[in-house]
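Each remark here refers to the structure printed beneath this line.
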Amino acid sequence: MIEQPIMVKICDIREESPDVKTFFFSKGNLRFEPGQFVMVWLPLLDEKPFAVSYLQNDVAGISVLRRGIFTQSLHDMKISGTFGIRGPYGRGFDLQPGACAVGGGIGMASLATLADRLPDITILQGARTASGIIYQNRFRGMKVCTDDGSLGLRGTVIDLLPEQLKSRTFQKVYACGPEKMLYRVVELCNRYGVGCEASLERYMKCGFGLCGQCDCSGQRVCLDGPVFTSAELSVMEDFGKMEITKAGERVIHK
Amino acid sequence: MIEQPIMVKICDIREESPDVKTFFFSKGNLRFEPGQFVMVWLPLLDEKPFAVSYLQNDVAGISVLRRGIFTQSLHDMKISGTFGIRGPYGRGFDLQPGACAVGGGIGMASLATLADRLPDITILQGARTASGIIYQNRFRGMKVCTDDGSLGLRGTVIDLLPEQLKSRTFQKVYACGPEKMLYRVVELCNRYGVGCEASLERYMKCGFGLCGQCDCSGQRVCLDGPVFTSAELSVMEDFGKMEITKAGERVIHK
Amino acid sequence: MSKINLSVNLCNIPLNNPGILASGILGTTRALLKRMVENGAGAVTIKSISKEPREGHKNPTVITFEGGMLNAVGYSNPGVEAAAKEFSQLNEIGAPVIASVIGTQKEDFVRVVEGLSAQKFSAIEIPLSCPHTPGFGLLAGQGTPQATFDITAAVRKATSLPIFIKLSPSIPELCSVAKAAEDAGADAITAVNSMGPGMLINIDAQRPILSFKVGGVTGDALRPIAIRCVYDLYQSVKIPIIGVGGISTGRHAIEIMMAGASAFGVGSAIYYRGIDVFKKISDEMAFWMQERGITNINEIVGVAHD
Amino acid sequence: MSKINLSVNLCNIPLNNPGILASGILGTTRALLKRMVENGAGAVTIKSISKEPREGHKNPTVITFEGGMLNAVGYSNPGVEAAAKEFSQLNEIGAPVIASVIGTQKEDFVRVVEGLSAQKFSAIEIPLSCPHTPGFGLLAGQGTPQATFDITAAVRKATSLPIFIKLSPSIPELCSVAKAAEDAGADAITAVNSMGPGMLINIDAQRPILSFKVGGVTGDALRPIAIRCVYDLYQSVKIPIIGVGGISTGRHAIEIMMAGASAFGVGSAIYYRGIDVFKKISDEMAFWMQERGITNINEIVGVAHD
Ligand SMILES: Cc1cc2nc3c(=O)[nH]c(=O)nc-3n(C[C@H](O)[C@H](O)[C@H](O)COP(=O)(O)OP(=O)(O)OC[C@H]3O[C@@H](n4cnc5c(N)ncnc54)[C@H](O)[C@@H]3O)c2cc1C
Ligand SMILES: Cc1cc2nc3c(=O)[nH]c(=O)nc-3n(C[C@H](O)[C@H](O)[C@H](O)COP(=O)(O)OP(=O)(O)OC[C@H]3O[C@@H](n4cnc5c(N)ncnc54)[C@H](O)[C@@H]3O)c2cc1C
Ligand SMILES: Cc1cc2nc3c(=O)[nH]c(=O)nc-3n(C[C@H](O)[C@H](O)[C@H](O)COP(=O)(O)O)c2cc1C
Ligand SMILES: Cc1cc2nc3c(=O)[nH]c(=O)nc-3n(C[C@H](O)[C@H](O)[C@H](O)COP(=O)(O)O)c2cc1C
Ligand code: FES
Ligand code: FES
């Protein structure tokens, strides 16, 4: 684990969708487990958490959805540009064969290295519209759905998942995406008696369990998570409901 | 190595001579090599270097000659009393069979664990008078001399040594004692073509090579020594001549 | 270790052990406070609260280095109104909860203290010592004897709870500031806040790492400074001292208590030794006491003085 | 690494690399200075010299802890007369030698500077910042702008050698003191001396470990503070800065130079990395420069500023 940011050089950039770019960098001897994240630093601007979405021999990648100023600045970067990373942080997924991964939008980035490591995995990815779907070439058998039906089935992963849970026995379901979606995935898994692990997102500062910024019902998403089991989530009242702003205000989760 | 003093409890006290007492303490998992020393701390008073003179299973000992206030305070201590030790510090002796150890007065303390480890060693000990001789029961075959002839041969170890060097081939000579004596031992060894290692004494502060107090011609007695080979000593101009006081004054060696 | 008694009485607040969660560390939510108590804290302090919400500085805000930690969080907090909601039913937390109150002028402190008065806080801590937040602490001149006296006196009128004044280790007039606090009615001194400020530069980015450039130093680096501050304060004030700074083991805790602290705070060590650091420290203290035949922790307070 | 140039010109003193042995570390004898140069130091500073010999504090005088080192040597030194003898034929040392001069009043500084004037020192360093020796530095009020101005001006009259004023990291008015030194004719600022003071207590002895009880903190703990001081000074004074405090690797050296130091001092790291620490640091700096395509070390001075 790297405690102070090291500057890494972008060695490749891949456009995963109109709004998502993957930035590849030489990973040196850093080890990442699927579900862990790094803090990405743009000097003079800000520092935010990103899942490691590619893990190749010497190279790692982060897939970034353009949302605000920070991610826009990342999108503006070119090959040979540099950013800082520290980490990896957090507790990742507990890998098991015979599983299903459910990704909503950029949440797919957290599940990607997991899927790489589990060849028999079933992947469901949902997005609002076709242009939101990523990694289509990477995961050929992936089942896709869009809210507007512009790609794959019309509907959300929540519409797709029950059918899967009915037709097959999964050892585990892994999920990452909007928390409202995660909440319903966990509900479904509970109903079908399948264990589930979901990766949460909270605003983060330290990334290593000290500042209390990323609290979710007494759990530090950065250190105790970001991946939690459905059993753990069942006693986390804030899950699917509340998050904490940068200023520490408790707000209803979007 | 222990960087901050730990308080050890005196578990036994042995009177080695009217002016020398050995204080035994439980050594825990500290490892000492013959020739190394510890810094001994009496809270509120001072801290000074002492050779480890006994190494038994769980117990180590320091043999202390009463000289000034500090050593008097040590002599006043009783069983169960405590003092601090840190270390061990310094470079010890390079052990070889078929050797000879030459000790002058309390210098014998530095050589004692070496002698324990080298069963075939020849030991010469010199002192001003009979009451200055220590470890007589510990090293039964030890050859002893006193300036006044009150015990063993009359004369100094310098008088005794040539005969030894002539009659036998030693692999090495180890020496500790007054520096004037060491100087002559090294001279003799050079003359007879025998390698010699001598343990020097200088006033010390840090004990770990930082403060420069214990300098002897650019060598730090605490870290580069206290044991030096005759080759090393041959280029140390101060050896046998100069030492540096607590205030940093260069004075002629007593 | 049945005979070992770690409980202390701090300004009439009973603590089952002298370890207190320091302000700004995991004190953002009620749930985290509870978790820290479950993990052995004798009392917990909430993250400092100001009148209005504050976003604080941009990231990076906390970074580690070889000797400890550097932070410039910038007092992010939801403001007194939201805080009063968050920190309700404090009797269920399981240990005393200390409110940390900040302001840019003395009226602000009073406003926040009043705003939190409906909640069952056990004491009010006032840090006048942050080295990296414009408008607050050292950067607002709150670390002088006069300002300390004025703010303490104003808060004194506003509450009957014990008041702890939290000082900076980086001011030469430490003891006069503490005396001013005592004279104005403070019940204890919390010593110390983070020191410095300090800076770390990433040489490949050629820029300071913290977005605010400078931040307060905590952890191991701070311990000898904190011990000295507590030692000096013990000879200067009569009110109890809460020792904070680099405490991460039972030995450290005993060390700062021997310097004169009646209780001690723990912050950075949660990173170094985990969320159960308070349990570990209590066990280590009890073990040491057992070995030495000391049964009551209060006996050791200040014994390092001649 | 043939193209890498580490040489710097400090107040017209050419150094083959910017690493300087800090005062008080192994600078007790001519032989040790020489050894440090053989081990890669770009320049060396002697242990501080006063008018009369001084025994300093009793042992323990130097002790390590998790975050660095604590020392209260108490300015032991043989006095100016003996020092003038010890530090003769300095041209044979192989690198510039800096004299460190202390006093309890400004006349003392002048006396010592004059007493050493026959020897070929390259510069005079004046520490006004020791935190643990009664009669000297902070304990004698030498760390104020006025005292600094007076002492610097007096020494300025007594020598034409470059004057380095060495400051404490533990005074809030750091930059005003540096400006006072600059105004009085100082040629460089050495930043910083040890911080604090701090204290370490042995809990089994129930006593402070250092015989003087408190001492200055150096090593890792000091680095972020030293970096910040240099960064601030770089914006306050025009004369060069020698950065000192916790430098033990090439990265640290580059870090303090990016903050604004034209050269850097190394002390405690001799314990942590051995007597060849200067060689190691130079190699590490050269390696980093090579990788980044930087050939001249002077290019990086101050680049961390916007
Ligand atoms: C553990 C973890 C892993 C993450 N992994 C990734 C990743 O792999 N790829 C990736 O792109 N991002 C990831 N994120 C999110 C990322 O850290 C940033 O929060 C996000 O990219 C915001 O970017 P921004 O700063 O540019 O947008 P901001 O300026 O913060 O916000 C711009 C707009 O987006 C909205 N917004 C911001 N954050 C979120 C959010 N979390 N959910 C919904 N809306 C939001 C804001 O309300 C605003 O309207 C991860 C977060 C966590 C905690
Ligand atoms: C590496 C090393 C190992 C040592 N090992 C031992 C040991 O095993 N046993 C032991 O008893 N001592 C040992 N010493 C010496 C010890 O550290 C003290 O310096 C010595 O005991 C002085 O004691 P004091 O402080 O009571 O006397 P002081 O108060 O320092 O002196 C009292 C009188 O003794 C004289 N004196 C002090 N030191 C010396 C000296 N070194 N040589 C000659 N005269 C001196 C003084 O001039 C004075 O007249 C060792 C020293 C070193 C450097
Ligand atoms: C990330 C972080 C945030 C902090 N926030 C606050 C704060 O809001 N209010 C406060 O009084 N002290 C704050 N502090 C200071 C701590 O309460 C404590 O005084 C300091 O960290 C020293 O203790 P430690 O060495 O155990 O961490 C903060 C410290 C850290 C590391
Ligand atoms: C044992 C020791 C002795 C010191 N003696 C002096 C001194 O005599 N004069 C002085 O100006 N600074 C003295 N210092 C301070 C150093 O020169 C330096 O400023 C400080 O150690 C910080 O650097 P470092 O972290 O690299 O050690 C001393 C430091 C130590 C550790
Ligand atoms: S981000 Fe600081 S505790 Fe999680
Ligand atoms: S005693 Fe300090 S260098 Fe040897």
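We name chains A, B, ... by the order of the sequence lines, and we start the count at 1 in each one.
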What part of A:R220 gets within 4.5 angstrom of chain C, counting heavy atoms only: side chain, backbone, both, or neither?
both
Which answer fits A:D238, side chain, backbone, both or neither, if we ask what part of it has an atom under 4.5 Å from a heavy atom of chain C?
neither
Counting only heavy atoms closer than 4.5 Å, note whether A:T82 contacts chain C via side chain, backbone, both or neither.
neither
Against chain C, label A:L210 side chain, backbone, both or neither, depending on which of its atoms sit under 4.5 Å from a heavy atom there.
both
Locate the shortest heavy-atom distance separating A:P43 from C:A205; write the atom from each residue and the value.
CG-CB, 3.7 Å
Taking every non-hydrogen atom, the tightest pair across A:K246 and C:S76
O-CB, 3.6 Å
When the 4.5 angstrom heavy-atom criterion is applied to C:Y75 and chain A, the contacting part is neither
If the contact rule is any heavy atom under 4.5 Å from chain A, which residues of residues 15-29 of chain C qualify, in numerical order?
C:G24, C:I25, C:L26, C:T28, C:T29
Would you name the heavy atoms of C:N202 and A:P5 that are closest together and state the gap between them?
ND2-O, 2.7 Å
Considering only heavy atoms, which portion of A:Y203 lies under 4.5 Å from any heavy atom of chain C: side chain, backbone, both, or neither?
side chain
Close approach to chain A in residues 88-104 of chain C, criterion heavy atom under 4.5 Å
none
Quick check on C:E86 against chain A: is it the side chain, the backbone, both or neither that has a heavy atom closer than 4.5 Å?
side chain
Name the region of C:S211, side chain, backbone, both or neither, that has any atom closer than 4.5 Å to a heavy atom of chain A.
neither
Heavy-atom contact with chain C under 4.5 Å, split by part of A:E237
neither
Contacts with chain A made by residues 117-128 of chain C (heavy-atom distance under 4.5 Å), listed by residue number:
none
Structural part of A:M39 lying under 4.5 Å from a heavy atom of chain C
side chain
How about residues 32-41 of chain C versus chain A: which residues have heavy atoms under 4.5 Å apart?
C:L32, C:R35
